[in-house]
Amino acid sequence: MTDIRNLSRGKALGTTSRRDFLRATGLAAGGLTLGFALPVASRLALAAAPADTPINAFLRIAADGTCTVVCGLSEMGQGVHTSIPMLIAEELDADWARVKVEQAPVDKAYSNPIFGMQATGGSTSIRGHWEPMRKVGATARAMLVGAAAETWKVPASECRTERGQVIHASGKRLAYGKLAAAAAKQPVPETVTLKDASKFTILGRNLRRLDTPPKVNGSAKYGIDVRLPGMLTAVMARLPVPGAKVVSFDATKARAVPGVRQVLQIPSGVAVLADGYWAAKKGRDALEIQWDAGISGNLSSASVSAMLADGAARAGAVAHTVGDVAAVKPARTLEASYEAPYLSHTCMEPLNCTAWVHDGEAEIWSGTQSQGPSQGIVSQIAGVAPGKVKINTQYLGGGFGRRFAPDFTIDAAMLSKAAGVPVKLVYTREDDTQAWFYRPAGVTRFTAGLDASGVAQSFTATVASPSIMESSGFMKIPANGVDHFAVEGTEDHPYDFPNQRIDYSRVEPGVRVWFWRSVGHSQNIFFTESFVDEMAGAAGKDPFEYRRGLLSRQPRYRAALELAAERAGWGKPLPAGVHRGIAVGQSFGSYVAEVAEVSVAADGSIKVHRVVCAVDCGQVVNPEIVKRQMESAIIYGMTAALYGRITLKDGRVEQGNFDTYPMVRINEVPTIEVHIVPSTEKPGGVGEPGLPPFAPAVANAIFAATGKRLRELPFDTSQLKRA
Amino acid sequence: MATINVNGRSMKVDASPDTPVLWVLRDELGMTGTKFGCGMALCGACTVHLDGAPVRSCSLPVSAAVGHRITTIEAMSGTPVGKAVQTSWVANDVPQCGYCQSGQIMSASALLAKNRKPSDADIDQAMSGNICRCGTYNQIRAAIKQAAASLNGRA
Ligand code: FES
Ligand code: FES
C-alpha cells in the first residue's frame with residue numbers, strides 16, 4: 001500500500017508496480033476465463049445487457065461497438081469521467097464517439113494507486129492512473145487483436161487497430177463489437193507496450209466532457225436527488241460546538257409537524273425524520289434541546305488568533321533546514337507575521353447521504369470522495385461484513401476535500417439502522433457551513449536576514465497551525481513532529497536562500513480541521529509568496545526579476561513564472577490605476593504562476609481585472625479541462641481571498657448561509673487566461689494547484705498599487721481606504 | 001390539497017400551503033432537476049420560471065404559485081430559447097460539478113427571452129443571483145452570448 005502522505009506531494013509520488021496494480025485490479029488472476037473476479041457492477045450490467053461484454057473491471061464492449069469505461073473515481077466537476085476514459089480509449093484505439101462512462105461500485109479493483117484505497121482527492125486521479133489506465137486499454141486492445149488473429153488464422157503481428165476496429169495487413173477488418181466476446185476469452189497479456197506520446201490521437205486533445213449532456217437538462221443524479229420507496233428525509237440538530245453533548249431534548253412540537261415520522265438521537269445530535277425535507281426541517285427547527293457546550297464553549301476567534309500567534313513565536317519541530325541560520329550575522333532583519341482563518345468548503349450541493357441498513361446488508365447512495373473508507377465505516381455501523389456494503393456513487397455537487405469526510409455517511413447509516421427504513425440525511429446550508437470540518441487557521445512568522453544590499457542570507461519561518469493528520473482519523477504526525485500538510489508550500493518553497501530553517505509549531509484550539517482544496521498550500525503559498533515579495537522590496541528588486549534570480553535551480557518553477565510574466569506583459573504599461581502582482585507555487589506535482597491585475601478604489605474596495613496563469617502540469621490529458629480547473633481554482637481562491645472566514649464566538653460558528661459566508665459572483669470575476677507550459681514530464685494534479693498563487697498575486701498587486709501590505713486573509717480592504 | 005401548473009400540466013399536490021415550490025417539485029413530484037442550495041433565495045440553484053419570470057422556488061410557497069405557470073429545467077428543451085441555451089451550454093462545456101447549472105440555465109433563458117442582445121452589464125444583473133462554486137462564470141457568460149447569437153440567427 002502506498003503511503004497516504006503522498007496525498008499532496010509533488011515529489012515521492014506513490015509508484016505502484018505493475019504487478020501490484022494488476023493484482024489489485026484482479027487482472028493478474030489470469031483473465032476472465034480463469035476466474036477473474038468481476039466487480040459487481042460489471043456482473044449486473046452483464047446480466048442486464050447480454051451483448052455487453054466485460055473485458056476487464058474497467059471496460060465493457062457492446063456488440064454495437066460501444067465501449068463503456070467503468071470509472072472508480074468520483075466526478076465532482078474536475079472532469080475525471082472524461083479524462084479516465086480518454087486514457088483507456090487512447091491505448092485501446094477506441095472510436096471516441098462510442099465511448100461511454102459509468103460509475104463503478106465500491107470494489108478493491110478500483111483502489112486509487114496513490115492512496116491504496118478507493119477514493120478521489122489530493123489531485124491524484126491522473127497522477128495515479130496515467131499508466132494504469134493506459135495499461136487497461138492496451139491490455140484490452142491486445143486481447144481484441146488476439147481474438148481477430150485467431151478468427152482470421154493470421155499472426156497477431158499482422159494486425160493493427162484503429163478507431164474501434166482490428167485491421168489485417170490484407171485489409172480485412174473486424175469491429176471491436178464483433179470481437180468482444182472472443183476477446184474476453186483471450187489470455188491476459190503479461191506485458192503490454194504503451195504508445196509513444198507522438199502517436200497519441202486522443203490524449204492531449206480538447207475532447208468534450210462526457211458528463212455535460214445530463215448536466216444541462218436536470219437529469220444528472222446527485223446524492224441529494226436519490227429517492228427510494230419508503231424513504232424518510234432527515235434533518236438534524238447537530239452539535240453546535242465541538243465536543244458538545246445533548247443534555248435533554250423535547251420533541252413534542254417537532255412531532256406535531258405534519259409529515260414528521262420519527263425523532264432519533266445519535267452521537268452527533270438529534271434527527272427529525274419526515275416524509276420530505278420541508279417537514280423534516282420544520283420539525284428540526286421545532287426541537288427544544290439543552291446542550292452542554294463542554295470545554296469548547298469559550299472558544300472565540302480572538303482566542304484562536306492569540307494561540308496561533310503564541311505558537312508562531314516559539315520554536316517548533318524542524319521541518320526543513322539549509323545551512324545554519326544561527327551563524328548568519330545580517331546587516332538587517334526583515335520580519336513579518338501572516339494569518340489565515342478557518343474556512344468551510346461550501347460545496348454547492350449541501351452535504352447529504354442516503355442509507356439503507358437492512359437484513360444483514362447496507363447500501364449507501366451518496367456523492368462521496370471516499371468509497372473505500374466509507375465501506376469499512378458503514379460495515380461497522382451496520383454490523384455487517386464490508387462485502388455486504390454497497391456504495392452507489394452519485395455525481396458530486398462539488399467536493400473540494402469535504403466529501404472525503406465520513407460524517408454524513410456515518411450519520412445516515414446510523415439513522416437508517418435505528419429507523420429501519422431508507423433514510424436520506426440532508427444538511428441545511430447552515431448545517432453544512434457549521435459542521436466543523438475546516439481548513440486550518442494558521443499564523444506564520446517569517447524572518448529574513450539581509451546583507452547591506454538587501455541580499456538574503458537567511459530565511460526562517462515558524463508555521464503555527466493545527467494538524468490535519470491528527471484530525472483525519474487515519475494518519476498520525478510522524479516522529480519528526482512535522483505534519484507536512486501544515487507546512488507544505490512554505491517548507492518546500494523553491495528559493496535558493498543559503499541558510500534556512502522552517503519549523504512546525506502545532507497549535508490545537510480544539511476545532512477539527514480537514515483537507516480543503518489545495519490543503520496547506522492554500523494559506524502557506526499566500527504567506528510565503530507575500531513575504532518573498534517583501535524581500536524583493538527590501539532588496540530594491542522587481543518582484544518578477546527577484547524570484548527569477550533565485551530559481552536558477554528550479555527550471556519548472558522558472559519556466560512557469562516566465563511564461564506568466566511574458567503573457568501578462570510584465571513591465572509593460574497598464575491603464576491608469578491598475579497594478580500587477582505575481583506569485584508562483586508548486587503543489588500536487590504541478591507548477592503554477594499567476595499575474596493579477598488589480599485596482600484599488602478610494603473606498604478601499606479592490607477589483608481584479610485580469611489573471612494570467614501559466615501551468616506546468618506535465619503531460620496533459622485534456623488541455624481544456626486543465627484550463628477550466630485552473631480557472632475554477634482561481635475563483636475558489638478568490639472567494640477565500642476576498643470573503644472566506646469562519647469565525648467563532650462562545651464556541652459557535654458565526655457564519656451560516658451565503659449572506660454571512662459570501663461567494664464570488666459573476667459580476668466580480670476577472671478575465672482569466674491560462675497558458676500551459678509544454679512538458680514531457682509525468683502528469684501533475686490539476687484540480688487544486690491553480691488556487692494557491694492567486695491570493696499572493698493579488699496581495700502583491702495591492703502592495704504595488706497602495707504601498708500597503710495585507711498580511712491577513714481575507715483581505716481587510718478598510719486598510720486601503722484613502723482618507 | 002392544491003393544484004399547480006407545472007410545465008403545462010395540472011398537478012394536484014398534498015403539501016401544506018407554506019411548503020416551498022422547490023420541495024413540492026423535488027419531494028412530491030419527483031422532479032429533481034431543480035436544486036436546493038441555500039433555501040433563502042441567496043444562490044439561485046432552485047430557479048424556475050413563474051409565468052416566464054425567474055423566481056427562487058425555495059422561497060416561493062406553493063400557495064402563492066396556484067394560478068400561475070411554473071416552468072422547470074425539465075421542460076426547457078421544449079422552448080426555442082431554452083433549447084438554444086442548452087445547446088450553447090453543451091457547445092461550451094459549461095458545467096463542472098453541474099449542480100448550479102439548472103438554475104444558471106433557468107436564469108439565462110429568462111434573460112434571453114426578454115433581451116436578445118444582452119450586454120455584459122445585463123448578464124451581470126440577470127446572473128449575479130446564481131452562485132457557481134466551481135467558478136464557471138466566464139463560460140456562462142460566453143455561452144449566453146453564443147445562445148443570443150444563435151437566437152438572432154447568427155450562430
Ligand atoms: S436554494 Fe433557492 S436561492 Fe438558493
Ligand atoms: S458547476 Fe459546480 S457549482 Fe456550478
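To find a chain, count down the sequence lines: A is the first, B the second, and so on, and within it residues start at 1.
Heavy-atom pairs under 4.5 Å with chain B peak, among A/G218, A/G77, A/P662, A/G79, at A/G77. No other option in B/A121, B/G30, B/S16 has as many heavy-atom pairs under 4.5 Å with chain A as B/G30. For the set A/T233, A/V664, A/T428, the count of heavy-atom pairs under 4.5 angstrom toward chain B peaks at A/V664. Chain A forms the most heavy-atom pairs under 4.5 Å with one residue out of B/R141, B/Q139, B/M40, B/E28, and that residue is B/Q139. The candidate with the highest count of non-hydrogen atom pairs below 4.5 Å against chain A, out of B/E74, B/Q104, B/M31, B/K35, is B/K35. Per-residue counts of heavy-atom pairs under 4.5 Å with chain A were compared for B/G37, B/G135, B/G33; the largest is that of B/G37. Interface check for chain B: of the options A/I635, A/N657, A/V669, the most heavy-atom pairs under 4.5 Å are formed by A/N657. Of the listed residues (A/E624, A/H345, A/Q78), the one with the most heavy-atom contacts under 4.5 Å to chain B is A/H345. With chain B as partner, the option from A/R628, A/R429, A/M663 having the largest number of non-hydrogen pairs under 4.5 angstrom is A/R628. Of all the listed residues (B/C100, B/P20, B/C43, B/S102), the one sharing the greatest number of non-hydrogen pairs under 4.5 Å with chain A is B/P20.
There is no contact between A/P214 and chain B, counting heavy-atom distances below 4.5 Å. There is no contact between A/I625 and chain B, counting heavy-atom distances below 4.5 Å. For A/D432, no part sits under 4.5 Å from any heavy atom of chain B, backbone or side chain. Proximity to chain A (any heavy atom under 4.5 Å) is shown, for B/L22, by neither the backbone nor the side chain. Of the two parts of A/R227, only the side chain, counted from C-beta on, holds a non-hydrogen atom closer than 4.5 Å to a non-hydrogen atom of chain B. In this structure, the portion of B/I105 lying under 4.5 Å from any heavy atom of chain A is its side chain and not its backbone. Only the side chain of A/E430 comes within less than 4.5 Å of a heavy atom of chain B; its backbone N, CA, C and O stay farther away.
Minimum heavy-atom separation, B/G98 to A/Y222: C-OH, 3.1 Å.
Counting non-hydrogen atoms of other residues, nucleotides and ligands closer than 6.0 Å to NZ of A/K221 gives a total above 12.
Here the straight-line distance linking atom CG of B/D124 with atom CZ of A/R665 works out to 12.0 Å at 0.5 Å rounding. Within the model, atoms CD of B/Q96 and CE of A/M76 stand 11.5 Å from one another, a figure rounded to the nearest 0.5 Å. Residue A/L396 holds its CG atom at 8.5 Å from SG of B/C97, rounded to the nearest 0.5 Å. In this structure, A/Y277 OH and B/D27 CG are separated by 10.0 Å, a value rounded to the nearest 0.5 Å. We find the OG-CG distance between A/S632 and B/N138 to be 11.5 Å, quoted to the nearest 0.5 Å. For the atom pair CH2 of A/W278 and SG of B/C58, the computed distance is 9.0 Å after rounding to the nearest 0.5 Å.
B/R26 places a side-chain N or O within 3.5 Å of a backbone atom of A/I224 that can act as its donor or acceptor partner. For the pair B/D93 (side chain) and A/R208 (backbone), a donor-acceptor distance under 3.5 Å is absent. Although no hydrogens or angles enter the test, the distance criterion places no donor-acceptor pair under 3.5 Å between the side chain of A/K215 and the main chain of B/Q101.
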Side chain to side chain contact (heavy atoms under 4.5 Å, CB included) between B/M76 and A/V216, intermediate numbers included: CA-CA 9 Å; B/M76 288 320 282; A/V216 303; over 6 Å; no
B/Q125 vs A/N667, side chain to side chain contact (heavy atoms under 4.5 Å, CB included): CA-CA, chis, key distance, verdict: CA-CA 8 Å; B/Q125 165 109 51; A/N667 53 312; over 6 Å; no
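The shortest distance between side-chain heavy atoms of A/I666 and B/N130 does not fall below 4.5 Å. In this structure, the side chains of B/F36 and A/P350 come closer than 4.5 Å at one or more pairs of heavy atoms. Within the 4.5 Å cutoff, side-chain heavy atoms of B/R133 are placed close to those of A/T346.
Taking 4.0 Å as the cut-off between side-chain N and carboxylate O, B/D18 and A/K282 count as a salt-bridged pair.
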